[in-house]
Structures are given as C-alpha cells and as structure tokens.
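Just so you know, these numbers use all the heavy atoms, side chains as well, and skip hydrogens, waters and symmetry mates. Numbers restart at 1 for each chain; the letters A, B, ... are given by sequence-line order, proteins then strands.
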There are 2 protein chains.
Amino acid sequence: MTQTGKANGGSDDRPQYVRIGDQLRDRIARGDYAVGALLPTEGELCEEFKISRHTVREALRLLTDAGLIQRRQGSGSRVLAAQPHQNYVHAMRSLDQLFLYASDTRFVIRDMSVAVPEPTLFPEIGGDGAEWLIVRGLRLERDEDIPICDSTVMVNAAYAGIADVLAEGSGAIYRLIEDRYGIEVLEVVQDITVSPITAQAAKSLGKKKDDAAVQVRRRYLGTDGSVILASVNHHPTDRFSYTMHLRREGAKRSWV
Amino acid sequence: MTQTGKANGGSDDRPQYVRIGDQLRDRIARGDYAVGALLPTEGELCEEFKISRHTVREALRLLTDAGLIQRRQGSGSRVLAAQPHQNYVHAMRSLDQLFLYASDTRFVIRDMSVAVPEPTLFPEIGGDGAEWLIVRGLRLERDEDIPICDSTVMVNAAYAGIADVLAEGSGAIYRLIEDRYGIEVLEVVQDITVSPITAQAAKSLGKKKDDAAVQVRRRYLGTDGSVILASVNHHPTDRFSYTMHLRREGAKRSWV
DNA sequence: CGTTCAAATATGTCCGGACAAATTATCCGG
DNA sequence: CCGGATAATTTGTCCGGACATATTTGAACG
C-alpha cells in the first residue's frame, strides 16, 4: 500500500488513524462493543482494516485519550465508556488553587484534637465512632486581621501524625499529608450551600447569631476512595465570592 | 542498538522516551528553553540522545500532552509553559452539567427584548451602548411550580436570531447558539456571590425585599474571546446548593 | 526595499520489523 | 480439583525507512 500522509480516494481527507478511530468510536457508541468488553485485538484490527499495526495503535490512542478505552499489555483494550466526556478543565497547578482568595491569606489554628467528630460536622463522614484529627481555626488576610472564614478540618486518623508539623502558615494541609505519607489526592468533592451561621463561626467572624453564612465543604479522596481529609469553611455572606474558569479541554491554541 | 522494552543499564528502568521526556521537561523548567522559544528539532534530539526519531517523538508527545509544548509541522516544537499544570477535571459531557439541579427543571420565559442592558446587570459587559438580546425568566422544577432561580440571560446581538426558536423547555441557550451559528463555547467564567436580592427576583421567588440571594453569574466566551452569552441567576439562599467533583487528570483507573 | 518563487527544513502519516513484558490459556502432576 | 509450569497471546518499546505536508529561508527580480 502506498504510504500517504492522508488517506487516498474519496472526499475524506482525514488521516487513516482518525478515520479508523472515529469508526471504532461510533461502534462503541452504538453498543457493538459493550462497556466493560474487549475491543478486537490490534492484530484483528490490522486485518480488518488492512492497515499497519502502527496505524491501529494511533487510532486506539485517540480512543484512549478520549477516555473511551483502557489498554493493558497482555490483555487487550477494554471499553470504559460509550460516550466521550467533553471535559472542561479547571486548570490548576495544584489543589491550592481550587479556592482562590482575593489576596494572600494565613491560617491561624485555634484548636487541635483527636476526637470523634460531632455528627453534624460532616454527616457523610464519621458516625461510626471513629476518631479524626480535628483542627479548628480561622483564615485571615495575610497582613491584616480580617477574618475570611472560620474553618474546621478533619484529618483521617491514619494521617494524624501531621499534627506535629501543623503550624500557622505551614501551607495546605492536604499537601502536608501527600508529602508526609506519599499518597495522592485523587478527587475532591466540594459543596457550596448557604445556611444559618454556627455559634462558633458567628463569634469568630464577628457576625450575629441569626446571620447566614456560606458553607464550603470539601472531601479529599484518595486513590482507594477513602476520605483523607474533609473541611468545612464558613464564610460571611457579604464577603464571599467564588470564581471558576472552565476551559474546553484539548482546545487548539494559536501558534503565534 | 539492541531493542529493549526498557532502557538498559543502571537502576533506571523507565522507558527511554519517559527518561528523555523528563530530561526535556527539567530543562524547560530550568529555563534552558524559554517559554515561547523552540526546542531542538527532532533530528537534533535524535543526534544528541542517540535514539530513533520514533523515541524522540514519543518523548515530545509526553510534553505535548502535559501542555508544556506545542508542535507544528514545518516549524518545530515551541515551549508553552515552564511548569506543567496539574489539571483537576470537572468532567462533563457538556456545559449542561456545569450546574446540576436536584431534579429536572424547565425554563419559563417571562420577557424577551433587544435592548441596551442596565449597567448593573453585568458591569463587565455592556456599558458601550451596544444592544443585547435580553431574556428574562424563571427556572422551575419540571413538574411543580417551585421556582429554583430567577434568571436573566444576555445574548450577544450577533446571535439574536435564536429569539425565533426560544421557547419553554427548548434546552440550554448556549447550545442553541452553538448549533445555529456553528460556533463553539471555549471557556466559561462563573462567579458565585451572595448579595441582597433584587426586587424582581424577590417577587419571582416569593422572597422578602431584604432577603439575600445567591448570585451565579456566567460568561460564555467564544474562541475569539468575545462574550457569546452571559447569565445572571438569583437563587434563594435556603434552596441553594452547588456540588463539584474534581478528579485528577490522567489518573490511572484500575483494570477490573 | 518589497514581492515572488523555489529550495530547504521540520513535523505528520504510515509502513515494516524485532524484541520485551504482562497477561491469559493450557497442560500436567499430585 | 487445584496448583504450578509452560506456551501462546497481546500490548509496550524501539528501530529504520519512506513519502506527505506545512513552514521557513534564501535568492532573484523589479
């Protein structure tokens, strides 16, 4: 077969690997290959489409990058999803940027203890009598004593050893845990709601007891699905602002 | 050179292309190749590292996938960033899922007009006397008349033609625009704040005039940076909840 | 100096081959 | 039937080659 940069013939000038990749993607979407099932092997695809193994692999790579399949040496290519996800990326260098404050801040620790958390603190967690390292504090503007939010952090007891190195300005707690224990935060679930302010937060933030507060609750999950860390932040409503920039993943950038 | 699955010698069992890719990444981080500058060509890298073009390309692909470089046929490989972004993905099939409501909803249009928007509506937009298609309405639970939020949408006048096809339940407005005009929403900027409720929203949502409301403001930007669409939603604080799941990009999934 | 065109350059696509490494299947013995 | 060893299978890594395509560079000309 003549080697061409693009496929010959017809009005389709897409590269072969793109055409084959699209065909496979369509088959997956149609259910020809069920989620969880294996695709034909590289060899079988070479025979079916009369192309080199290289081209098959490039096509499969497109599917892999799209999150549709997962490949494993010795096993084959398994379908992960029937439809590609259109990812909009909240690009960050790290989770530090998940919540950007208007200016630099510092975290002042008010209290730290290993205890069974109150059931209302994080209902989805606890309730089984297990102890957590509970860190209570206040986040302030760096150079001024303006409180930004009242914060309570629950650290999985398995990582309670970081209590030794927790200090004001010591950086994000989840990072301390990642570094100290060599683990990785895989996923973060963040909930934002508005609710009556707690007595503690009202006191810390200089608010009245019948004021409302914005609650930002986060769970940091590890690779095994366990909760590494959870936090509840109470923000005064009149000083709360949360901005996200979501950008379509894989969008072409101009060359200039 | 003997062809091996992994590099020979020493304690480093990473594939060659990973090692070379890491070396190049380190050089970029150190500033050996400035942002905006070109990397050595494939040929030069082949000579320097004494490896095949295939392996060079695999290494460069790692850098490309990490967002560090951008490659262009005939030109070379240009450095985009000195540090890789650690992307946490808010995976969505589309922007429809940017804001998930607890249940199915419908959008009831109350008013539609082409006009110059009030300056307070979206201060970052307008203010230049330009007209926009302004759509005011209410988002309700699908089968009940419980208002979820009061909504005002400003559509760029270039796409005002969609007024013809706007109807209750006609789906997301940005999608109508994308489909009708063949354009693409590249980025969304979303701001969440809490502020005094507007008179209009108080009336729509059955709230008192001195209540607060959660404001969710969004700008949908096109590939040229222009604002395609902007929206302001007022949610009653006692019924507002926003959940995000952010997952580390490229995280390995278990095979089973 | 600016424009046009051809040549050189640099990446993109596709082929084929070989060996390595991981997994799966099969066979045999207890 | 179960466990261990071996063979077969499947993907991963790396080599080399060839042609296509897009861009850049340099030379010639007005």
Mind listing the N/O atom pairs, protein and nucleotides 4-11 of chain D, below 3.5 Å?
from	atom 1	to	atom 2	distance (Å)
D:dT10	O2	A:G74	N	3.0
D:dT11	OP2	A:E42	N	2.9
D:dT11	O4'	A:G74	N	3.4

Any chance you could lay out the side-chain hydrogen bond (donor to acceptor under 3.5 Å, both in side chains) test for A:Q70 and A:R78, step after step, and finish with the verdict? CA-CA 5 Å; A:Q70 180 187 21; A:R78 186 188 297 283; 5.4 Å; no

Nearest-angstrom distance from the residue atom [atom1] of [X] to [atom2] of [N]:
X: A:I20; N: C:dT13; atom1: CD1; atom2: C1'; answer: 13 Å
X: A:I51; N: C:dG16; atom1: CD1; atom2: P; answer: 10 Å
X: A:R61; N: C:dT13; atom1: CZ; atom2: C1'; answer: 14 Å
X: A:H54; N: C:dG16; atom1: NE2; atom2: P; answer: 12 Å
X: A:R14; N: D:dT21; atom1: CZ; atom2: P; answer: 16 Å
X: B:L38; N: D:dT23; atom1: CG; atom2: C1'; answer: 11 Å
X: B:R78; N: C:dT9; atom1: CZ; atom2: P; answer: 20 Å
X: B:Q70; N: D:dT23; atom1: CD; atom2: C1'; answer: 14 Å

Does A:R219 qualify as a cation-pi partner of A:F122, given the criterion of NZ or CZ under 6.0 Å from the six-membered ring centre and within 45 degrees of its axis?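 Pair A:R219/A:F122 does not count as cation-pi.
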
Do NZ/NE/NH1/NH2 and the carboxylate oxygens of A:R57 and B:E58 come within less than 4.0 Å? no

Between B:R14 and B:D22 (salt bridge meaning N to carboxylate O under 4.0 Å), is one present in this structure? yes

Would you call the rings of B:Y174 and B:Y220 parallel, tilted or perpendicular, where under 30° means parallel and over 60° means perpendicular? parallel

Report yes if a side-chain nitrogen or oxygen of A:Y17 is closer than 4.0 Å to either non-bridging phosphate oxygen (OP1 or OP2) of C:dC14; otherwise report no. no

In a table with atom names and distances, give each donor-acceptor pair under 3.5 Å that connects a side chain of residues 152-163 of chain B to protein atoms at least two apart or in another chain.
from	atom 1	to	atom 2	distance (Å)
B:N156	OD1	B:A158	N	2.9
B:N156	ND2	B:V227	O	2.9

